[in-house]
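Heavy atoms only: backbone and side chains are in, while hydrogens, waters and symmetry mates are out. Just so it is clear: chains get the letters A, B, ... in the order the sequence lines come, proteins before strands, and each one is counted from 1.
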Amino acid sequence: MPWRVGPADRAAGVRPDPYRVWLSEVMLQQTTVAAVRAYFRRFTELWPTVGDLAAAPDAAVMGEWAGLGYYARARNLLACARAVAQRHGGRFPDTVEGLRALPGIGPYTAAAVASIAFDRPAVVVDGNVERVVARLFAVETPLPAAKAELTRLAGLLTPADRPGDHAQAMMDLGATICTPRKPACGICPVMAFCEGRKQGIADDLPRKVPKAAKPTRQGIVWVARRPDGALVLERRVDKGLLGGMLGFPGDGWDGAGGEAPLSADWRVVGEVRHTFTHFHLILSVAVADTEAVPLRGEWMAMPAFHATDLPTLMRKAHDLAVAAGGAHPPRPLALEPMANQLSHPVGYLGQYESLPGSMEGEEG
DNA sequence: CAGCCGTGGGC
DNA sequence: TGCCCAAGGCT
């Protein structure tokens with residue numbers, strides 16, 4: 001990833017830019033590297049410093065985050081940037097405690113930024129580290145109950161020397177070798193010390209409590225289309241599902257209830273299926289061609305609004321509604337590819353700076 | 001502290 | 001195709 005500092009620079013005392021480390025760590029919360037890469041590039045192009053981000057309009061940041069998910073992260077990202085700019089003079093705190101006090105920065109992100117950006121000996125525990133440590137010490141207690149014990153054990157491994165490199169090495173080990181399924185124990189640099197492998201249970205660790213089944217909800221969104229291509233959209237409240245994001249007015253599929261945003265000849269043109277973290281959704285998409293003034297939301301059109309500003313569920317509804325013909329067939333809109341379809345995974349092995357044990361000194 | 005909160009890729 | 005999953009934080 002672009003925030004990484006090469007061995008020569010690191011030897012010269014160069015540390016990664018805390019802003020870029022923080023931004024990438026927030027984006028990587030519960031999100032894959034492949035999905036993050038294009039977003040990280042775009043954000044740092046638009047807003048090279050935390051001050052630039054702090055000065056950005058809410059709608060611009062939410063629109064750029066669209067498609068990445070967990071939208072509270074984007075709201076907290078902006079709140080954090082503004083706090084750093086206004087209360088810390090544009091510099092990130094260089095301690096775990098200082099970082100932890102900022103919005104959207106929890107135990108993991110505080111430790112990661114303190115460790116990677118400031119070389120503090122913080123104990124960095126993400127899902128990768130939990131897995132690596134559970135296997136190394138053959139911890140059979142299921143998560144999340146095992147969390148405290150895994151953190152304690154991870155602390156035993158954290159060195160005073162080069163803690164930032166250690167943290168990244170642990171996470172890289174989990175991402176590339178000590179993987180959730182079919183770990184590559186044969187090429188693991190620490191296989192000799194792995195109690196899980198010795199006991200033949202590494203593949204099954206860490207154990208986790210089974211998750212509840214997802215219910216299926218149903219609902220509808222209304223897509224009002226104007227002859228000039230404008231659509232009726234509304235900004236969702238800053239909490240809950242898709243909070244703070246643009247969307248089409250909908251009914252009670254999210255529990256809020258509601259009616260069509262305006263009176264018109266609504267036609268259901270199809271349905272969209274989407275799965276959220278804790279439920280499946282079957283969403284009917286109704287379309288009407290009208291120029292009426294909406295009771296909810298407002299008419300929006302390019303360039304102020306772009307389809308890529310929508311979260312994925314709404315993007316699906318948008319694409320279906322725009323593709324559906326009507327009394328006033330809209331001009332064909334060029335559907336831009338979603339940003340995260342432009343990125344491709346690349347191997348991490350070439351980026352290793354160091355790993356404990358046999359991979360020490362191996363450079364990319 | 002358990003529930004809430006997205007998404008796309010792998011199998 | 002459908003199910004399962006993965007680099008947290010907030011309340």
Legend entry - Sugar-phosphate, base or nothing in reach of A/G240, heavy atoms under 4.0 Å: sugar-phosphate
Inset, instruction - Kindly check if the number of other-residue, nucleotide or ligand heavy atoms within 6.0 Å of NZ (A/K214) is above 12? - result: yes
Inset, instruction - Look at A/H278 and B/dG3 and indicate whether a side-chain polar atom (N or O) is within less than 4.0 Å of OP1 or OP2. - result: no
Legend entry - Sugar-phosphate, base or nothing in reach of A/K208, heavy atoms under 4.0 Å: sugar-phosphate
Inset, instruction - Nearest whole angstrom, please: distance from the P of C/dC3 to the NE2 of A/H280. - result: 6 Å
Legend entry - Nucleotide nearest A/L241 (side chain, heavy atoms from C-beta), chosen from C/dC5, B/dT7, B/dC5: B/dC5
Inset, instruction - For A/A72 and for A/R181, find the nucleotide of DNA chain B with the closest heavy atom, then tell me which residue's nucleotide is more 5'. - result: A/A72
Legend entry - Pair A/E149 + A/R152, salt bridge at N-O below 4.0 Å: yes
Legend entry - Under-3.5 Å donor-acceptor pair between A/T312 side chain and B/dG6 base: no
Inset, instruction - Identify whether any heavy atom of A/T32 sits under 4.0 Å from a base atom; if not, whether one sits that close to sugar-phosphate; answer base, sugar-phosphate or nothing. - result: nothing
Legend entry - Rounded interatomic separation in angstrom, taking OH from A/Y70 and P from B/dG3: 14 Å
Legend entry - A/F279 CZ to B/dT7 C1', straight-line distance once rounded to whole Å: 13 Å
Legend entry - Whole-Å distance separating the CH2 atom of A/W65 from the C1' atom of B/dC5: 13 Å
Inset, instruction - For A/D126 and C/dA6, give me the distance from atom CG to atom P, rounded to whole Å. - result: 12 Å
Legend entry - Whole angstrom value for the distance that separates P of B/dC4 from CZ of A/R217: 8 Å
Legend entry - Over 12 foreign heavy atoms within 6.0 Å of CZ, A/R207: yes
Inset, instruction - Give the nucleotide from the list C/dA7, B/dT7, B/dC5 with an atom nearest to the side chain of A/A175. - result: C/dA7
Legend entry - Residue met sooner reading DNA chain B from 5', once A/L242 and A/P144 are mapped to nucleotides: A/P144
Inset, instruction - Quick one: label A/R131 by what it contacts on the DNA or RNA (base, sugar-phosphate, nothing), any heavy atom closer than 4.0 Å. - result: sugar-phosphate
Legend entry - Minimal non-hydrogen separation, A/P16 against A/V21, with atom names: CB-CG2, 3.6 Å
Legend entry - Ring-ring centroid check A/H278 A/F276, cutoff 6.0 Å: no
Inset, instruction - Write down the distance between CG (A/D172) and P (C/dA7), rounded to a whole number of angstrom. - result: 13 Å
Inset, instruction - Please confirm whether the backbone N or O of A/G244 pairs with a side-chain atom of A/R235, one donor and one acceptor, at under 3.5 Å? - result: yes
Inset, instruction - Is it possible for you to say whether A/F40 and A/L46 belong to one hydrophobic cluster, with membership spreading through side-chain heavy-atom contacts below 4.5 Å? - result: yes
Legend entry - Nearest-Å distance once atom P is located in both C/dA7 and B/dC11: 15 Å
Inset, instruction - Taking only the side-chain heavy atoms of A/K211 (C-beta and beyond), determine which of C/dC5, B/dT7, B/dC5 contains the nearest atom. - result: C/dC5
Legend entry - A/L28 CG - B/dT7 C1' separation (whole Å): 14 Å
Polar-atom pairs under 3.5 Å, protein N or O versus N or O of nucleotides 9-11 of chain C: list them with distances, or write none.
from	atom 1	to	atom 2	distance (Å)
C/dG9	OP1	A/G106	N	3.0
C/dG9	OP1	A/T109	N	2.9
C/dG9	OP1	A/T109	OG1	2.5
C/dG9	OP2	A/P107	N	3.4
C/dG9	OP2	A/Y108	N	3.1
C/dC10	OP1	A/G104	N	2.6

Inset, instruction - Flag the pair A/F92 / A/W22 as yes when their ring centroid distance falls below 6.0 Å, and as no otherwise. - result: yes
Inset, instruction - With C1' as the reference atom in both, quote the distance from C/dC10 to B/dG8 in angstrom, rounded to an integer. - result: 24 Å
